[in-house]
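Reviewing the structure listed below.
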Amino acid sequence: MLKIEAVLPPELKQRAMRSRIFAPSGWNEAKSGLIDRLHAAIAAQQVLRLDYRDESGHSSAREVEPLCLAFWGGVWTLGAWCRLRVDFRSFRPDRIIAFDPTGEVFVETPERGMRPTCARPVATRKASNDLAT
């Protein structure tokens with residue numbers, strides 16, 4: 001990625017630096033375009049309405065403020081503020097049945113953004129970050 005960033009025009013270099021996709025080099029995912037569409041929603045700060053299926057197969061409807069995408073443990077994860085649970089949650093894109101922007105734009109706040117989520121102790125994050133319960 002560093003080689004690509006080195007030859008980008010300044011405006012694209014700035015966009016690459018603002019990316020909220022965290023993935024190892026060499027990932028080969030997102031053939032459906034889902035990751036690109038989720039990343040676009042993150043960049044535009046669009047509130048999303050998700051139809052989500054948990055690991056047990058139970059479906060739920062969620063409104064979320066998407067904050068980042070990460071590839072870890074062999075799967076993609078969407079980090080988002082979940083309005084239903086009033087907390088940060090992780091959603092696996094392969095379990096998203098459908099999603100649509102609500103038309104609302106959110107503003108990242110000190111309480112509901114990346115900074116406070118990343119600053120929380122790992123044990124606290126694990127307890128509340130159980131893949132969207």
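Note that these values count all heavy atoms, side chains included, but never hydrogens, waters or copies made by symmetry.
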**Message:** Using side chain to side chain donor-acceptor pair (under 3.5 Å), reason through Ser60 and Arg62 one step at a time and then give a plain yes or no.
**Reply:** CA-CA 6 Å; Ser60 64; Arg62 308 288 182 103; 3.1 Å; yes

**Prompt:** Passes side chain to side chain contact (heavy atoms under 4.5 Å, CB included), Ser90 versus Leu78? Steps please.
**Reply:** CA-CA 6 Å; Ser90 294; Leu78 171 68; over 6 Å; no

**Asked** What do the steps show when you test Ile35 against Phe71 for side chain to side chain contact (heavy atoms under 4.5 Å, CB included), and what is the final call?
**Response** CA-CA 11 Å; Ile35 299 302; Phe71 186 85; over 6 Å; no

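Annotation for Pro66 and Ala80: closest pair CA-CB, 3.8 Å, computed over non-hydrogen atoms. Scanning all heavy atoms of the two residues, the minimum distance from Ala61 to Leu84 falls at O-CD2, 4.2 Å. Listed here is the closest heavy atom pair of Leu67 and Arg112: CD1-O, 3.6 Å.
The pair Arg85-Asp87 does not meet the salt-bridge criterion, since no charged nitrogen lies less than 4.0 angstrom from a carboxylate oxygen.
Trp81 is not listed as a side-chain neighbour of Thr109, based on a closest heavy-atom distance of 4.5 Å or more. Taking the side chain as every heavy atom from C-beta outward, Leu69 and Trp76 approach each other to under 4.5 Å. With contacts defined as side-chain heavy-atom distances shorter than 4.5 Å, the pair Val47/Arg83 qualifies.
When each of Glu63, Glu65, Glu104 is tested with Arg49 by the rule salt bridge (Lys or Arg N to Asp or Glu O under 4.0 Å), just one qualifies, namely Glu63.
Atom CG in Leu38 sits 11.5 Å away from atom CZ in Phe91 (nearest 0.5 Å). Here the OG1 atom belonging to Thr102 is positioned 8.0 Å from the CD atom belonging to Gln46, to the nearest 0.5 angstrom.
Counting only distance, with no hydrogens or angles, the side chain of Tyr52 and the backbone of His58 share no donor-acceptor pair below 3.5 Å.
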